[in-house]
Amino acid sequence: MCKFLALNTSDFIYTPTNKSVEKISFTWQTPSNIALVKYWGKSNPQIPKNASISFTLNNCHTITTIDFEKKSSNNIEFELFFEGKKKDDFKPKIAKFFERILAYCSYISEYSMVINSENSFPHSSGIASSASGMSAIAMCLMSLEKVLNPTISEDFFNKKASFLARLGSGSASRSIEGPLVVWGEHPEIEESSDLFGVKFPYKIHPVFENYQDAILLVDKGEKQVSSTVGHNLMHNHPYAENRFKQANENLSILSKILQNGEIKEFINLVESEALTLHAMMLTSNPYFILMKPNTIEIINKIWEYRAENNSNICFTLDAGANVHVLYPENEKDSIDQFIKDILSKYCQKNQYICDVLGFGPKKLQY
Ligand code: DP6
C-alpha cells in the first residue's frame with residue numbers, strides 16, 4: 001500500500017491568491033553536490049534515465065539575491081549580475097529556465113527581477129556551478145511564492161524548489177537538502193521521484209558523518225563537451241540500457257552500505273561509478289575524454305596510498321578532469337597531509353578545495 005501521496009507535475013502549478021507584494025528581496029546560499037551514483041542520460045523534460053544520489057557539500061556554494069519589483073507588463077524581465085558585474089552571457093540559460101518554469105510560477109512574469117550571484121569557489125575552477133546556481137534561484141522564487149501563498153508547507157516548499165531547480169539543471173534538484181539526496185524514482189527509496197530530489201530517508205552510519213571531500217583542481221578550463229551534450233549522447237549509446245539498470249542496482253547496494261557502514265564496499269562502488277561515467281563518454285559516438293593525464297596520476301597515487309596505509313581514501317569524478325577525494329573524518333589529518341605533500345602537485349597552481357558534507361541551503365538575512 002502506498003504510504004504517501006505522490007506529487008505530480010500538475011501539483012506544482014501555482015494558483016494565484018489575492019495576496020500581492022510590491023517590492024521584496026530574498027537571499028539564499030545553496031550548496032554544490034557530488035554524485036556517488038551518477039545521473040548520465042535523460043529524457044524530456046529533464047527526466048533522469050536512472051536514479052542518482054549525491055553528497056551535499058558545505059563549503060562550495062552559491063549566494064544569490066533576487067530583488068523582485070512588481071511591474072505592469074506581463075513578460076519575463078530580469079537582469080543578471082555575477083560577482084558584481086553584469087553577466088549577459090549567462091542570460092540565455094537563465095531565460096530558458098524562466099520560460100520552462102513559467103507554467104509553474106506564473107508570478108515571475110509580474111515582477112522585474114534583479115539577480116545578484118556569487119560563488120564561494122573560483123568561477124573557472126571547473127566545478128559545476130549550475131547545481132548551486134540553479135538551486136539558489138529556485139529557493140528565492142519559492143520564498144516569493146511563500147509570501148504570495150503562506151499556506152504552503154516546508155515540505156512542499158523544498159519539493160517544489162527541487163522540482164524547479166531540476167528544470168534548470170538535473171543535478172541542481174539534489175542541492176535543496178543534505179547530507180545525502182536521491183533524485184529519480186527508485187523502488188527502495190521512499191518518496192523518491194523523477195520530478196524532484198528527496199533527502200536520503202534512512203539513518204546513515206556514523207562512519208559517513210562529516211565525510212570529507214577534497215576537490216583537486218586538475219583543469220580549470222572550459223569543458224570541451226558540456227554535460228547537456230554528454231547526456232544526449234546516451235540516446236543512441238550501445239551500453240545505455242545496461243548502464244541505467246546498473247545505476248539503479250548500485251543505488252540499492254549503496255543505500256545498504258550507507259546504513260551499515262561497510263566502507264570497503266563504499267569505496268568499490270563509488271570508484272566504479274566514477275569510472276563507468278567516464279567509460280560512457282569514451283564509448284559514446286562521437287567519443288570524448290574529459291580526464292587529463294593528471295587525473296589518472298592522482299587516481300594511481302590514491303590507490304598506492306590506500307594499499308600502503310590500509311586507508312579508506314577513495315575518489316569520484318564528475319563530468320570533468322577534477323578529482324573529488326573522499327575520506328572519513330578519522331583520517332582527515334593524515335590524508336590532508338598526503339594531499340598537500342603529494343596530490344597538490346598534480347593540480348593547476350597546486351589548488352584544491354577542502355570540503356565536507358553539508359546540510360543544504362541557508363536563507364540569509366541582510
Ligand atoms: C556527471 O546536471 O550538469 O555531474 O541536467 O543537463 O544540466 P543537465 O546536466 P547536469 O549533469 C550532471 C552530470 C554529472 C553526474 C551527476 O551529477 O549526477
Side-chain angles (χ1 to χ4, degrees), residues 30-57 60 62 90 92-94 96-97 100-101 125-138 162-176 178 180-184 186 189 192 194-198 200 213 215 219 222-235 237 240 243-244 246-248 250-251 254 269-282 284 288-291 295 315-324 326:
T30 59
S32 186
N33 68 71
I34 179 68
L36 303 172
V37 171
K38 309 290 181 180
Y39 145 60
W40 198 244
K42 62 178 168 182
S43 56
N44 259 335
Q46 296 283 96
I47 298 297
K49 289 285 192 179
N50 60 262
S52 58
I53 183 167
S54 53
F55 274 152
T56 304
L57 298 182
C60 289
T62 298
F90 287 1
K93 192 168 178 186
I94 308 293
K96 199 170 147 203
F97 170 57
R100 252 194 204 159
I101 64 168
S125 60
I127 298 180
S129 57
S130 61
S132 52
M134 289 297 179
S135 55
I137 296 177
S162 175
F163 172 91
L164 297 175
R166 177 195 114 240
L167 292 170
S169 179
S171 53
S173 68
R174 299 189 311 243
S175 276
I176 301 294
L180 277 151
V181 177
V182 175
W183 168 45
H186 190 282
I189 307 289
S192 59
D194 284 349
L195 302 180
F196 49 83
V198 294
F200 182 68
D213 177 8
I215 307 160
D219 185 43
E222 261 309 277
K223 275 191 277 185
Q224 301 113 314
V225 181
S226 72
S227 291
T228 308
V229 171
H231 284 292
N232 279 336
L233 290 172
M234 289 303 280
H235 285 310
H237 195 292
R243 163 59 197 153
F244 303 144
Q246 176 201 39
N248 284 326
N250 276 347
L251 182 48
L254 186 58
L269 189 145
V270 166
E271 291 190 346
S272 165
E273 270 290 318
L275 294 177
T276 303
L277 168 71
H278 284 258
M280 291 301 108
M281 301 174 192
L282 298 175
S284 296
F288 59 104
I289 304 178
L290 295 183
M291 291 186 282
T295 311
F315 72 86
T316 188
L317 306 166
D318 58 16
N322 294 337
V323 181
H324 286 249
L326 303 175

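In this text the structure is predicted, and so the values were computed from the model without any measurement. Whatever order the structure lists them in is the order used to number ligands and atoms, beginning at 1.
Contact annotation: the side chain of R174 approaches that of S52 to within less than 4.5 Å [non-hydrogen atoms, C-beta and beyond]. Put simply, the side chain of V182 does not reach to within 4.5 Å of the side chain of V37, judged on heavy atoms.
K38 and T276 share no side-chain donor-acceptor pair at under 3.5 Å.
Close N/O approach between Q46 and ligand 1 is found [any backbone or side-chain N/O within under 3.5 Å]. At under 3.5 Å, not a single nitrogen or oxygen of W40, backbone or side chain, sits near a nitrogen or oxygen of ligand 1. For a threshold of 3.5 Å applied to N or O pairs, the pair formed by H231 and ligand 1 contains at least one separation below that value. In terms of N/O distances under 3.5 Å, ligand 1 is approached by Y39.
Contact annotation for L277 and ligand 1: only side-chain heavy atoms (C-beta onward) come within less than 4.0 Å of the ligand.
Within ligand 1, counting atoms from 1 as listed, the ones closer than 4.0 Å to a heavy atom of A35 are 16 (C), 17 (O), 18 (O). Atoms of ligand 1 found under 4.0 Å from any heavy atom of G170 (numbered from 1 in listed order, with element): 2 (O), 5 (O), 7 (O), 8 (P). Set against the non-hydrogen atoms of A319, the atoms of ligand 1 under 4.0 Å away are 1 (C). Close approach of ligand 1 to K42 (heavy-atom distance below 4.0 Å) involves ligand atoms 5 (O), 6 (O), 8 (P).
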Take V225 and M281 through the side chain to side chain contact (heavy atoms under 4.5 Å, CB included) test and state the conclusion after the steps. CA-CA 10 Å; V225 181; M281 301 174 192; over 6 Å; no

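Taking the six-membered ring for Trp and thresholds of 30 and 60 degrees, W183 and Y39 have ring planes more than 60 degrees apart, a perpendicular arrangement.
A donor-acceptor pair under 3.5 Å is absent between the side-chain atoms of R166 and the main chain of G197, judged by distance alone.
Atom NE2 of H231 is separated from atom CE of M280 by 14.0 Å, given to the nearest 0.5 angstrom.
Of the listed options M134, R166, R174, R174 places a heavy atom closest to atom 16 (C) of ligand 1.
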